[in-house]
Structures are given as structure tokens and as C-alpha cells.
Amino acid sequence: MSNPVINYEKELNEAQYEAVFVTEGPALVIAGAGSGKTRTLVYRVARLVELGVNPESILLLTFTRKAASEMMDRASQLLDVRCRAVSGGTFHSTANYILRRYGDLIGFPGYSIIDRGDCAEVVGYIVGELGIKRKELKLPRNSTIVDIISKAINKSMKVPELLETYYPHLTDLSDTINVLAGKYDEYKKTHMVMDYDDLLVKLKKLLVEFPGVCRALGNRYRYIMVDEYQDTNPLQAEIVELLGKDHRNVMVVGDDSQSIYSFRGADIRNILEFPGIFPDAKIIKLEENFRSTQPILELTNAIIERARQKYTKCLFTSKSGGIRPQLVVARDEAEQSCWIVEKIDSLRREGIPLREMAVLFRSSFHSFDLEVQLSKGSIPFAKYGGLKFAESAHIKDLLAHLRVFLNPHDRLSWNRILKLLPGVGQATANKVIKWLNADVPSLDRFKEYAATQKGKMKVLLDLVRLFDALSDPDLDVKDLVAITIKYYEPILTQKFDDYPKRARDLSYLQEWSAPFESLEQFLTDMALEPPEVNRAPSDFAERADFLTLSTIHSAKGLEWRIVFIINAANGYFPSRHSLLSDEDMEEERRLMYVACTRAKEQLYIVYPETGRDSYYGSVMLEMSEFMRGLDGTLTDVVTAAESLHGGGRQFRRAKKGISSVKTSRGFNIKAGDVFRHPDLGMGVVLEIMDRNRARVYFKKLGIRVIDLRTVKEGQWVVR
DNA sequence: GTTCAACCTCTTTTT
DNA sequence: GAGGTTGAAC
């Protein structure tokens with residue numbers, strides 16, 4: 001504790017200082033993008049601990065565990081290690097922590113947590129049990145049914161009511177889906193499982209029905225801070241209210257113009273109505289932007305000013321200078337990817353590390369093409385968002401074995417692992433599970449069953465051997481994972497063509513499991529806060545410096561010197577699902593705002609002029625409507641072809657008139673000609689550089705400069 | 001009756 | 001790519 005006293009006045013601006021020093025009573029901090037929100041929270045944690053508050057009685061609720069743990073690290077550096085002891089995490093992990101202790105009061109003495117995929121499987125199982133004719137009824141996919149059930153809970157609506165508003169085409173199925181929702185709930189109760197929503201629902205139930213527990217928890221968490229409050233749902237708001245009602249030391253921090261999770265039930269009204277719940281709440285606005293340069297801020301302010309809903313603040317910066325955001329028009333997705341790769345390469349050569357750059361997109365599949373091109377261009381990257389590591393088939397396979405080992409009641413996992421055995425399909429799996437459930441299911445019972453089997457069914461003994469190996473009490477979590485991997489590897493190789501990649505994931509999983517003290521903790525954590533990278537750089541050299549690819553949702557709260565936004569075209573971003581609803585379009589706009597405000601120094605917004613459509617083939621696209629009217633005024637508009645290779649110089653030259661050239665072999669070549677090179681394949685001429693050189697875009701290799709003296713006339717196909 | 005390979009479609013965002 | 005569907009092969 002030898003750190004010098006923190007100089008709050010020097011290190012914070014006025015508004016931040018005020019937020020840090022309001023240590024008692026309710027407070028609402030409206031924090032604009034890049035206004036030092038995290039900094040403020042960190043200093044406030046340090047301040048409270050400095051004042052002698054027990055760190056464990058500070059509850060810091062954030063959107064991801066990583067965010068909480070980074071804040072605690074920074075506070076520790078500022079003050080001392082006591083800050084590491086702050087109770088921090090997501091709403092869900094905090095709910096889990098509390099329910100593990102008090103769950104028996106509401107009928108859940110123990111439980112496992114199931115993810116969205118598991119939920120869908122439960123629904124599928126129930127549909128089968130009830131003998132519902134999927135096709136006849138035109139029942140939507142299981143995952144859609146789960147979405148409906150979850151949305152109903154998060155928006156506090158009844159299923160039929162929700163269907164009317166959000167899924168009008170499914171109102172005919174209202175009764176069926178309602179029945180399914182009921183059965184689904186029953187299943188969870190009898191099998192002792194909770195989904196993500198349950199964690200919040202059950203926590204609230206506990207707080208409401210057991211005032212004593214509520215008081216005890218309020219007493220334990222004397223200082224509550226909630227980050228990203230604009231993205232909480234009404235259920236979460238009620239939980240905060242219940243926990244804080246005695247001491248009222250509740251500070252919520254957020255930005256109404258960055259609310260991007262309404263699809264998950266988040267309600268922007270939470271933040272706007274906070275002063276209604278705590279009428280004496282201090283309202284503090286952080287409006288100075290420390291992140292972006294003036295031209296970027298001008299663009300982002302313009303984007304959000306055009307929103308229908310008026311927001312509560314206006315950002316300013318004292319930073320001047322900086323280059324204007326660039327709006328880059330590419331011919332198609334291939335050219336877009338190609339441009340990004342080249343641009344990143346040239347920035348890297350200028351000495352900017354990859355870790356200072358990010359490519360952001362609306363939907364995770366938007367980056368597929370780019371991922372391929374980056375790999376070809378030897379640019380290492382990590383991808384965030386989209387299908388999670390923990391949700392991929394091979395990881396779920398592996399974990400299912402451990403889940404059965406821990407809890408033989410888990411019928412979903414039994415089903416999964418049995419079907420992995422050769423010669424075992426759904427019918428056999430059902431038979432085994434039925435037999436197991438005729439009595440109390442246990443590993444011994446399974447062993448008994450396997451022993452009686454003959455012929456093909458002897459493969460069940462493989463599983464028995466696995467469970468025997470896992471039963472050694474001296475093994476730690478990492479050993480258990482290692483043994484299971486060894487068992488699973490032959491199945492993996494057989495099942496997946498891309499098994500080397502997946503095998504790497506498995507060893508990564510093994511690494512990840514090492515610090516856990518119990519299998520239960522490990523499995524809970526995998527459901528609640530799994531590793532977030534879903535495509536990590538493959539080797540150690542690459543791990544030193546890599547590019548970030550991320551969905552905008554996963555980029556929340558982060559910043560980079562250079563940001564690229566791709567596929568900024570109507571239908572992609574804004575998403576085509578949102579085009580018909582004003583409300584959804586408003587959220588898309590906020591999403592664009594979040595994306596652009598991630599950039600500190602340079603911002604590139606890229607879109608392709610043509611796209612692929614499964615019905616129409618090639619289609620024309622238009623620039624994202626959030627950029628309309630801002631192109632050319634607050635952004636520079638360039639085409640990808642011009643901009644490549646520091647295109648300015650070549651662009652001028654092209655303008656001067658070299659658009660066609662007579663080669664030394666005596667025939668004319670012009671930009672736009674399609675051409676077949678004997679070694680490089682099909683290409684299109686982008687630009688004639690001089691008498692002897694042209695830049696050509698090859699389908700296979702991207703852009704290459706070729707020597708015109710070497711080409712023969714017969715190779716050209718004039719368009 | 002059962003498994004499994006080959007085809008199809010569709011792809012928003014996440015704790 | 002993952003989930004669903006279909007039909008051949010056991």
C-alpha cells in the first residue's frame with residue numbers, strides 16, 4: 001500500500017470528478033462514447049476502497065466478465081490489490097453465484113446451465129414426445145421457438161401476445177407454441193436445469209419471495225455500480241432496484257444513444273426512467289470525448305443527430321486535426337476484401353501494429369470472404385462474435401461426456417454422446433436412455449446395461465471404459481479434459497474433414513480448463529462466460545500481433561486507432577430484417593453510431609456496389625442509408641480501385657488520360673478489359689500504369705502488376 | 001427398422 | 001457451416 005495518493009483533480013475532468021465523489025446515494029451517469037466512462041468507474045472503485053469500504057461489498061455489474069476484471073485490474077494499479085476483491089461480473093454470473101447459495105429456497109438446490117443450443121434440443125425432444133407433426137403444422141425451427149419463449153420472458157409478455165406483435169405469421173400456431181412453452185418450463189424443473197433467462201427470473205423470485213434474503217444481500221452489496229445500463233432489460237432493472245432499496249447506493253452508467261440490445265429485451269426506458277425510480281438521483285453527464293479526432297466526431301455526431309429520438313447529450317473534443325473518414329466504394333465483395341487486405345498491409349508497413357486496427361461488421365457471416373483473403377495475405381487475425389467457440393459441435397461433443405460424468409441425469413448429453421458411437425443412431429440412443437431412466441440413472445446402471453449387450457452394441461463398452469478412467473479421484477479438471485480428448489479424438493477425425501483445426505481448439509480447451517478447481521465450476525463457466533474468441537490466431541508467433549475482426553455488438557466498449565466498417569450497404573447494414581420497422585431502423589442507426597465511435601484516428605467505411613442473392617444472383621446495392629447525405633460532406637468518397645496502393649498518384653495519372661495503351665506487340669489495352677493470363681488465370685484490368693505496366697485484378701490471387709510486353713493478343717477478351 | 005451420406009436451405013446481433 | 005430432409009444401403 002505504498003502507492004502515492006491518487007490525484008483525482010488532476011487526472012479527471014470536472015464531470016468525471018463529480019461522478020467519482022458522489023459515493024453515497026443514487027446517481028445516473030450519462031456517458032457519451034469515448035468520454036472516459038471506464039476511467040470514471042475505475043477511479044470510483046478506487047475511491048470507495050480508499051475510503052475504507054470493504055471491497056467485497058462493492059458490486060460491479062458489467063456486460064462481460066472481461067470488462068469487470070479489467071476495471072478491477074486498473075483500480076488495483078491505481079490504488080492497491082484490495083480492488084481485486086471487488087464483487088464483479090455479469091448479471092448472469094452474479095445471479096448464478098447467489099442462486100448456488102440460496103437456490104434450495106426456490107426449489108433449485110442444484111442445477112446445470114444450458115445454452116441456447118441445448119434449449120433448442122429440449123424443445124425438439126418435447127415436440128417428439130408430444131407427437132406433434134412438424135411438417136403438417138409448419139412448425140418453425142426449434143431455435144425460433146426458443147427465441148419466442150425467451151423474448152416473451154424478457155419483455156414480460158404472454159406468448160400469444162408476443163406472437164401478434166413480433167411474429168404475426170405464426171399466430172395460427174399460438175396454442176401449440178404456448179403448450180410447448182409450458183412443457184419446456186416443466187422439463188427444466190424436473191431435470192434441474194436453467195437457461196440464461198431463468199438465472200434472472202429465479203433471482204428476482206428469490207428477492208421478492210424472501211425479503212430476509214433480499215435484505216441480507218442488500219447488506220452485503222452496499223455499493224452497486226452498473227455499467228452499460230442502456231442495455232439492461234426491465235428484469236435486470238428490477239433486480240438492481242431490489243438489491244439497492246435499503247441503502248440506495250446505486251450508480252448506473254450508460255449512454256442512451258448506444259443502446260443496441262433491444263432484440264434481447266433491453267429497454268432504453270430503463271436508463272431514461274432511472275430518476276423516476278430514484279427521484280433524488282444525481283444526474284451527471286460526461287460529454288467530453290477523449291477518443292476520436294474532430295473529423296470522426298463530426299461524422300458520428302451527424303449520424304446520431306439524424307435519429308428520430310432526441311438524445312440527452314452532445315459530444316465535443318479538444319483534439320483538432322486528423323483525416324476525414326473515408327467512404328470506400330468497391331465493385332463487389334471480393335474487391336472489398338482485397339482492398340482491406342492491401343490497406344491493412346500498407347498500414348502495417350507504415351509501422352502501425354495490427355492490434356491497433358479492427359474490421360467491424362453487422363453480422364458475423366459478413367466477414368467470411370475477408371477471412372479467406374486475410375489468410376491468403378498472411379495477416380493473422382482473431383474473430384469475435386458470431387458462433388461461439390463453446391457452441392461449435394466438437395466442443396459441445398466433448399463437454400457432453402463430462403456433463404454426463406458429472407450428472408448422469410442429463411439426458412441431452414447422453415443423447416449426444418451415444419449418437420457419436422458408430423452404429424448408434426436416434427433409435428438406439430432412445431432405447432438406452434429409456435432403460436437408464438426406468439430407475440435412477442447412474443453410471444453404474446449404464447455399465448450394467450452395456451455389459452449385457454452383444455455384437456455391434458459392444459461399442460457401449462468404450463464409453464464405460466471412459467467413465468472408469470475419469471473416476472480416479474486424484475485427477476484434476478485438466479486431466480479429466482485430457483482423458484476425454486483422447487477418447488474423443490478418433491471420433492473427431494472421423495466426423496470432421498477439418499479435424500486438425502478442431503483438434504487445436506480442443507487443446508486450447510484443455511489449457512483453458514486448467515485453473516478450475518472443480519468440474520462443476522468449469523462446466524458452469526463454459527456456459528456462462530466461455531472463451532470469447534472464436535477464431536484465434538493459430539500459432540504463437542501470430543499471437544504477438546494480430547488484427548481484430550468483430551461484430552459491432554462484440555466491439556462495444558472497445559477502441560482502435562484504425563477502424564474499418566465493411567458491408568455498409570442497405571440490406572447488410574442496416575440489416576434487411578430491420579428495413580421495414582422504424583424502431584429497428586433506429587437501433588441499426590445506433591449500431592452504426594457505436595461502430596464509428598470505436599475509431600480514434602482513422603475510419604474507413606466500405607461497401608460493395610454489387611452483392612449476391614440466392615434468388616436474383618448478382619444485385620445492385622446502395623450505400624447504407626446512415627451515410628446518405630454525409631458522403632462527400634463529412635466523408636471523402638473514393639473507389640477501392642483508385643485508393644489501392646496509395647492510389648493518389650496513380651489516380652491523377654489515370655485522370656491525365658492513360659486509360660488505354662498500345663502495347664509493344666501492337667494492340668490496344670484499356671481498363672476494364674477481361675484477360676486470361678496463362679499462369680494467373682482470369683483477370684480484369686483495373687488500371688494502365690504506363691506503357692508497359694498494368695494493374696490487374698485476378699480472381700484467384702487478387703491484384704498483381706503485370707508486364708504488358710509479355711502478353712500476346714490472343715489472351716485478351718474484349719468486353 | 002435403422003444408420004448415414006448426400007443434398008438442401010438459410011445465415012442478425014448475445015448472456 | 002450447421003440444421004433439416006431424403007433416400008440408398010445395411
Side-chain angles (χ1 to χ4, degrees), chain A residues 61-67 89-96 113-117 119-121 124 134-135 139-144 146-147 150-151 154 194-200 228 231-233 235-236 259-266 360-368 371 384-388 390-394 396 418-431 456-457 494-498 501-502 524-530 532 534-535 550-556 567 571-579 584 587-588 590-591 594-595 612-615:
Chain A
L61 293 169
T62 57
F63 220 64
T64 61
R65 176 178 42 192
K66 203 171 127 227
T90 61
F91 271 93
H92 291 86
S93 66
T94 304
N96 175 59
I113 296 166
I114 57 175
D115 70 15
R116 255 341 220 279
C119 299
E121 272 176 59
R134 272 220 111 79
K135 285 187 87 178
L139 206 61
R141 338 161 96 187
N142 294 334
S143 56
T144 309
V146 173
D147 283 346
S150 170
K151 218 168 188 173
N154 281 299
M194 289 202 201
D195 60 24
Y196 294 131
D197 300 328
D198 286 328
L199 289 168
L200 301 180
E228 311 280 11
D231 286 323
T232 54
N233 65 30
L235 200 53
Q236 291 167 318
S259 161
I260 53 174
Y261 277 89
S262 72
F263 68 91
R264 192 172 103 182
L360 307 181
F361 32 85
R362 173 66 181 84
S363 311
S364 70
F365 70 91
H366 288 168
S367 67
F368 287 168
E371 288 170 44
Y384 297 82
L387 189 72
K388 284 276 175 3
E391 287 162 359
S392 49
H394 52 301
K396 295 207 74 167
L418 287 168
K419 277 171 31 184
L420 290 172
L421 297 167
V424 179
Q426 191 58 68
T428 311
N430 282 345
K431 215 158 68 191
K456 243 172 63 176
M457 285 303 104
Q494 201 268 322
K495 188 172 166 188
F496 301 101
D497 293 339
D498 57 346
K501 200 174 89 200
R502 292 177 192 258
T524 298
D525 228 65
M526 283 302 291
L528 234 38
E529 326 217 33
E532 61 210 307
N534 58 23
R535 197 283 186 197
S550 176
T551 58
I552 296 160
H553 285 89
S554 297
K556 188 163 82 154
N567 282 317
Y572 291 105
F573 187 11
S575 155
R576 65 190 168 85
H577 300 277
S578 303
L579 296 172
D584 290 350
E587 180 144 318
E588 297 284 321
R590 292 193 294 269
L591 203 49
V594 169
R612 293 234 137 258
D613 185 288
S614 49
Y615 287 116

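Below, chains carry the letters A, B, ... as their sequence lines are ordered, and counting in each starts from 1. Worth saying up front: this structure is predicted, and the values here are computed from it rather than measured.
Note on A/Tyr261: only backbone sugar-phosphate atoms sit closer than 4.0 angstrom, heavy atoms only; bases stay farther off. If you check every strand for non-hydrogen atoms under 4.0 Å, A/Ser364 touches sugar and phosphate atoms only. Among the atoms of the strands shown, none is found under 4.0 Å from any heavy atom of A/Asp115. Within 4.0 Å (heavy atoms only), A/Ser93 reaches no atom of the nucleic acid at all. Nucleic acid contact for A/Glu587: none, since no nucleic acid atom lies under 4.0 Å from a heavy atom of the residue. Within the 4.0 angstrom heavy-atom criterion, only backbone atoms of the sugar-phosphate kind lie near A/Phe365; the bases stay farther away.
Comparing atom distances between the A/Ser575 side chain and each of B/dT13, B/dA5, B/dT12 picks out B/dT12 as nearest. Distance from the side chain of A/Ala427 is smallest for B/dT2 among the nucleotides B/dT2, B/dT12, C/dA2. Minimum atom distance to the side chain of A/Thr428 is reached by B/dT2, of the listed C/dG4, B/dT15, B/dT2. Among the nucleotides B/dT13, C/dA2, B/dT2, the one closest to the side chain of A/Ser363 is B/dT13.
If you take NZ of A/Lys419 and C1' of B/dA5, they are 15 Å apart, rounded to a whole angstrom. For the pair A/Tyr196 OH and B/dT14 C1', the interatomic distance rounds to 9 Å; values are reported in whole Å. If you measure from atom CG of A/Asp498 to atom P of C/dG1, you get 7 Å, rounded to the nearest angstrom. In this structure, the CG atom of A/Leu139 is 17 Å from the P atom of C/dG3, given to the nearest Å. Per the geometry, CD belonging to A/Glu391 stands 12 Å off C1' belonging to C/dA2, to the nearest Å. Regarding A/Lys151, its NZ atom lies at a distance of 17 Å from the P atom of B/dT15, rounded to whole Å. When rounded to the nearest whole Å, the span between NE2 of A/His366 and C1' of B/dC10 equals 13 Å. What separates CD of A/Gln494 from P of B/dT3 is a distance of 15 Å, to the nearest Å.
Under 4.0 angstrom from either OP1 or OP2 of B/dT14 there lies at least one side-chain N or O belonging to A/Ser554. For the OP1/OP2 pair of B/dT14 and a distance below 4.0 Å, the side-chain nitrogens and oxygens of A/Asn154 include no atom meeting the criterion.
Applying the 3.5 Å distance criterion, the base of B/dT12 shares no donor-acceptor pair with the side chain of A/Arg576. A donor-acceptor contact under 3.5 Å is not formed by the side chain of A/Arg116 with the base of B/dT14.
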Inset, instruction - Verify side chain to side chain contact (heavy atoms under 4.5 Å, CB included) between A/Asp147 and A/Arg116, making sure each step is shown before the conclusion. - result: CA-CA 9 Å; A/Asp147 283 346; A/Arg116 255 341 220 279; 3.2 Å; yes
Inset, instruction - Take A/Ile113 and A/Asn96 through the side chain to side chain contact (heavy atoms under 4.5 Å, CB included) test and state the conclusion after the steps. - result: CA-CA 9 Å; A/Ile113 296 166; A/Asn96 175 59; 3.7 Å; yes
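Stacking between A/His553 and B/dT14 is absent: the aromatic ring centre is not both under 5.5 angstrom from the base six-membered ring centre and within 30 degrees in plane angle. Stacking between A/Phe91 and the base of B/dT15 is absent under the criterion of ring centres within 5.5 Å and planes under 30 degrees.
In this structure, A/Arg362 forms no cation-pi arrangement with A/Tyr572, as its terminal cationic atom is not both closer than 6.0 Å to the ring centre and no more than 45° off the ring axis.
Every residue two or more places apart in sequence or in another chain that forms a side-chain contact (heavy atoms from CB on, under 4.5 Å) with A/Arg141 is listed here: A/Ser143, A/Thr144.
When each of A/Ala527 and A/Gly423 is assigned the nucleotide of DNA chain B bearing its nearest heavy atom, the one mapping closer to the 5' terminus is A/Gly423.
Ring geometry, A/His92 versus A/Tyr196: the interplanar angle exceeds 60°, so the pair is classed perpendicular (tilted spans 30 to 60°).
A/Glu529 and A/Ser93 form a side-chain donor-acceptor contact under 3.5 Å, judged by distance and modelled atom types alone.
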